[in-house]
Amino acid sequence: MADVWQSAMDHAVAVARKAGEIVRGALKDERTVMTKSCAVDLVTQTDQKVEQLIIQSAKEKFPTHRFIGEESVAAGESCILSDDPTWIIDPIDGTTNFVHAFPFVAVSIGFSINKQVEFGVVYSCLEDKMFTARRGKGAFCNGEALQVSEQADIHQAIVATEFGSSRDPAAMDHIFRSLRNILCLPVHGVRGAGTAAINMCLVASGCVEAYYEIGIHVWDVAAGSLIVSEAGGVLMDVEGGDMDLMSRRIVAANNTTIAERIVKEIVSFTLQRDDAPLQS
Ligand SMILES: O=P(O)(O)OC(CO)CO
Ligand SMILES: [Mg+2]
Ligand SMILES: [Mg+2]
C-alpha cells in the first residue's frame, strides 16, 4: 500500500532545513525583539516569517490539512487538535536562545492524525542536526538511528528541565521545589538547552535520561514526543499516567523506572490547557 504520509514528512524535512537556513541567516543581523504574554515571552519577525513559510508551503501541497502554529495561535487562531491530519509547528523553539545567539535553536514540526503524532521533525539549526521519527519506524539524527540511555538508576542520571517564561510566584515556588527535590536525590546533574524540542532530542540521543517541564505548549513537544518514544523512551504526565499533548505538562524519559521516580519528586500544578476556549 502506498505510504500516504511519507510525502508530507519529506516536505516537513525539506521545509525545516530551509527554515533553518533563514534562522542562521537572521543571526547575522540585528534581531528586533517583541514580547507576547509577558516581558520574557519573546518573539521576533523571524519566528513569524518561518511559520508563514512552513504553513504556506505545506498548504499548497496539502490543502485539506489543518495547522496549529505557535505564532498563528498568538495572533488569535484557535488551537484545537482534531482527528484531521494536522501540522503542529514551532517555527523557532528557543526564541530566547535565538535572540541571544545561544547556540540551541530548533524548528519543530509534528504531524498528527486522529490526535496521534504520525511523524516528528526537529531541526537543530546551529548544530545542523536533523532529528526525525515516524510512528513505528524509529527515530534518527542525520540518518543515524537513535536509542535512549539504558540507565535505570536515577542517581546516575542527568535530568533536563527549564524554568519557562512565567514569573508567577506560586508557579516559581513549585518549579524550584521540584528542582530541589530532583537535584538532591541526588542526580548527577540538571541541564537545560533552552528549547523543549532539543531537550527531548537529548533524551532520544541518550545524552540525558529525562526531561520534564510544566508550561510547555503542544507545538514545543509534538515532534519531540514521537522522537523520544521511537528511540525507545517513554512519555508521562507529571502526575503519572498518560501524557496529554494539550495539557502543557510532560515527562519524557529513557524508561518507566526513571520517569516514575521523577514524577514522585515533581510538585505539580495545572495551567490553562492549549485547547481551552478562547477568552472573549
Ligand atoms: O522558544 P519558544 O518556542 O517560545 O519555546 C520555549 C518554551 O515555550 C522553549 O522550548
Ligand atoms: Mg517553543
Ligand atoms: Mg517558538
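Computed over heavy atoms, backbone and side chain alike; hydrogens, waters and symmetry mates excluded. Both counts, for ligands and for their atoms, begin at 1 and track the order of listing.
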Return the orientation label for the Phe62 and Trp87 ring planes: parallel under 30°, perpendicular over 60°, tilted otherwise. tilted

Look at the aromatic rings of Phe111 and His65 and report parallel, tilted or perpendicular, splitting at 30° and 60°. tilted

Does a side chain donor of either Glu162 or Asn199 reach within less than 3.5 Å of an acceptor in the other side chain? yes

Short side-chain donor-acceptor distance under 3.5 Å, Thr195 and Asp93: yes

Just wondering, are more than 12 heavy atoms of other shown residues or ligands nearer than 6.0 Å to CD in Glu77? no

Would you say that more than 12 heavy atoms from the other residues, nucleotides or ligands in this model lie under 6.0 Å from the NZ of Lys36, or not? yes

Do any N/O atoms on [X] end up under 3.5 angstrom from N/O atoms on ligand 1?
X      : answer
Asp41  : no
Thr95  : yes
Ala197 : no
Ala196 : yes

Contact atoms of ligand 1, heavy-atom distance to [X] under 4.0 Å:
X      : value
Thr195 : 9 (C), 10 (O)
Gly194 : 9 (C)
Asp90  : 3 (O)

Are any of the heavy atoms in Ile92 under 4.0 Å away from ligand 1? yes

Below 4.0 Å from ligand 1: does a non-hydrogen atom of Pro91 turn up there or not? no

Any side-chain heavy-atom pair from Val122 and Met200 closer than 4.5 angstrom? no

With a cut-off of under 6.0 Å to the ring centre and 45° to the axis, is Arg31 in cation-pi contact with Phe98? yes

What part of Thr96, side chain, backbone, both or neither, has a heavy atom within less than 4.0 angstrom of ligand 1? neither

For [atom], what's the nearest protein heavy-atom neighbour? Residue, atom name and distance, please.
atom                    : value
atom 4 (O) of ligand 1  : Glu70 OE2, 3.4 Å
atom 10 (O) of ligand 1 : Asp93 OD1, 2.7 Å
atom 8 (O) of ligand 1  : Asp220 OD2, 3.5 Å

I need the [X] [atom1] to [Y] [atom2] distance, nearest 0.5 Å.
X      : Y      : atom1 : atom2 : answer
Gln52  : Lys59  : CD    : NZ    : 8.0 Å
Asp41  : Thr95  : CG    : OG1   : 8.5 Å
Gln116 : Leu226 : CD    : CG    : 9.0 Å

Distance criterion under 2.8 Å: protein N/O/S atoms around the Mg ion (ligand 3): 3

side-chain contact (heavy atoms from CB on, under 4.5 Å) evaluation trace for Thr44 with Thr32: CA-CA 6 Å; Thr44 70; Thr32 307; over 6 Å; no

